Student: 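One structure, as structure tokens, below. Some questions next.
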Amino acid sequence: MPELPEVETTRRGIEPHVQGQTVRDVIVRQPQLRWPVPKALARKLVAQKIDAVERRGKYLLMRTQAGTAILHLGMSGSLRIVDARVPPETHDHLDIVFTNGQALRLRDPRRFGAALWTETDPLAHKLLEPLGPEPLSDAFDTDYLYAKSRGRKGSIKEFIMNSHVVVGVGNIYASESLFRAGINPKRAAGRVSRARYEALVKAIKDVLVEAIKQGGTTLRDFVREDGQPGYFRIRLKVYDRAGEPCPVCGTPIKQLVQGQRSTYYCPVCQR
DNA sequence: AGTGCGGCCTGTCCGC
DNA sequence: TGCGGACAGGCCGCAC
């Protein structure tokens, strides 16, 4: 489910319930996630106070004095704040229980997510170290993306979805931002002009900011009775709209597969 | 270093 | 109603 806006919405949603809390217990019901959940996560996190809840790309970082828990939601993961006494449901793989009786509960049906533990600088962790810049930071600009793209033969769509190029652009927002920038997703990254990279950088920032704003409007409902984070997708112009008219020119939206992922685009507006 | 895949999982939907 | 296959908002790890 989550792309960067969902992960950031999740971070903002859990932060007030988690920051400053002390861990009473860690319950691992299913240790087989993307990687095995390390024993040290449960062992070392207990009795620690959560100093901060941060995000790097789509990874969530819960910092303590003893080390940092690294969480990733994969394709189908979600986090919610529950009363620790509420019985877990299927796919509720992990609880971090706090001394106030609440728990941070990870649910992830497909188990592509992760829960890791590191006692050194989490940004130097082997999964985080090679990540590209945050898309909403000043480091992500036309100069950077244009230079990075030179000589690349792969498609522009796969290029911007590569987390080592820029983090946080998932399958939905890749299609949406290429539509906004008027770039054909099949075009080789190395053959896109500087001017078009300028439009693309702006499109990526705009679409992500809008999506985060949407999540933000419902943040106070984050912990609802049904536990679902109150996140609504922004109005998507091309994603999942194969055959529907392009909102700009009316041409039917096309769908194709790139790197085993569906891409949606307007064959007229995007060249 | 860049590129191209396979693979990890479950749930849902669609056509037969 | 059952069944097989495709597909789903991610991304690592490997071979070349």
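Since the structure is predicted, the reported quantities are computational estimates derived from the model, not experimental observations. Residue numbering restarts at 1 for every chain, and letters A, B, ... go by the order of the sequence lines.
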Student: I'd like a table of atom pairs between the protein and nucleotides 11-14 of chain C - only N or O on both sides, under 3.5 Å - with the distance next to each one.
Tutor:
unit_1: C/dC11; atom_1: OP1; unit_2: A/H72; atom_2: NE2; d: 2.7
unit_1: C/dC11; atom_1: OP2; unit_2: A/K58; atom_2: NZ; d: 3.2
unit_1: C/dC11; atom_1: O2; unit_2: A/R34; atom_2: NH2; d: 3.1
unit_1: C/dC12; atom_1: OP1; unit_2: A/Y59; atom_2: OH; d: 3.2
unit_1: C/dC12; atom_1: O4'; unit_2: A/R34; atom_2: NH2; d: 2.4

Student: What verdict does the side chain to side chain donor-acceptor pair (under 3.5 Å) test give for A/N184 and A/K157, after you've listed the backbone C-alpha separation in whole Å, the side-chain angles of each residue and the deciding distance to 0.1 Å?
Tutor: CA-CA 9 Å; A/N184 188 305; A/K157 197 250 191 171; over 6 Å; no
Student: What is the separation between atom CG on A/L106 and atom C1' on B/dC9, rounded to the nearest whole Å?
Tutor: 14 Å
Student: Can you tell me how far P in C/dC12 sits from the matching atom in B/dG11, rounded to whole Å?
Tutor: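 After rounding to an integer number of Å, I get 25 Å for this pair.
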Student: Specify the separation, in whole Å, of atom CG of A/D240 and atom C1' of B/dT12.
Tutor: 14 Å
Student: When the P atoms of C/dA6 and B/dG6 are considered, how many whole Å apart are they?
Tutor: 13 Å
Student: Atom pairs under 3.5 Å, N or O on each side, protein against nucleotides 2-4 of chain B: can you list them with distances?
Tutor:
unit_1: B/dT3; atom_1: OP1; unit_2: A/K153; atom_2: N; d: 2.5
unit_1: B/dT3; atom_1: OP1; unit_2: A/G154; atom_2: N; d: 3.4
unit_1: B/dT3; atom_1: OP2; unit_2: A/R152; atom_2: NH1; d: 3.4

Student: Taking side chain to side chain donor-acceptor pair (under 3.5 Å) as the definition, give me every residue that meets it alongside A/K186, ordered by chain and number, with sequence neighbours left out.
Tutor: A/Y265
Student: Could you tell me how far apart A/R110 (CZ) and B/dG11 (P) are, to the nearest whole angstrom?
Tutor: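 Result: 11 Å.
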Student: In whole Å, what is the span from the CD1 atom of A/I160 to the C1' atom of C/dG10?
Tutor: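 Result: 15 Å.
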Student: Do A/K205 side-chain atoms and A/F140 backbone N/O form a donor-acceptor pair below 3.5 Å?
Tutor: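 Judged by distance alone, yes, a pair lies under 3.5 Å.
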Student: May I have the distance from A/H93 (atom NE2) to B/dC8 (atom C1'), rounded to whole angstrom?
Tutor: 13 Å
Student: Looking at DNA chain B, which of residues 111-122 of chain A put a heavy atom within less than 4.0 Å of it?
Tutor: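 Those residues are A/R111, A/F112.
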Student: Between the side chains of A/E198 and A/K202, is the shortest nitrogen-to-carboxylate-oxygen separation below 4.0 Å, so that they form an ion pair?
Tutor: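 Between A/E198 and A/K202 there is no salt bridge, as every charged N stays at least 4.0 Å from the carboxylate O atoms.
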Student: Whole Å only: how far is the CG atom of A/L33 from the C1' atom of B/dC8?
Tutor: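 Checked: the CG to C1' distance equals 11 Å.
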Student: Can you spot which of A/R85, A/R24, A/R105, A/R107 makes a salt bridge (charged side-chain N to carboxylate O under 4.0 Å, His left out) with A/D95?
Tutor: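 Filter result, single survivor: A/R105.
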Student: Without swapping roles, check the side chain of A/T22 against the backbone of A/T99 for a donor-acceptor pair under 3.5 Å.
Tutor: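 No, because the side chain of A/T22 does not come within donor-acceptor range (under 3.5 Å) of the backbone of A/T99.
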Student: Does anything in residues 53-63 of chain A form a salt bridge (Lys or Arg N to Asp or Glu O under 4.0 Å)? List the pairs, not counting sequence neighbours.
Tutor: A/E8-A/R55, A/E54-A/R63, A/R55-A/E134, A/R56-A/E134
Student: Are there runs of at least three consecutive Watson-Crick or G-U pairs touching DNA chain C, with each pair's two distances under 3.5 angstrom? Give them by first number.
Tutor: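 B:2-8 with C:10-16, B:10-16 with C:2-8 - these are the stems of 3 or more pairs that involve DNA chain C.
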Student: Between C/dC11 and B/dT12, how far is it from one P atom to the other, in whole Å?
Tutor: 23 Å
Student: What's the verdict on side-chain contact (heavy atoms from CB on, under 4.5 Å) for A/L60 and A/L79, showing C-alpha distance, side-chain angles and the deciding distance?
Tutor: CA-CA 11 Å; A/L60 287 168; A/L79 286 169; 3.7 Å; yes
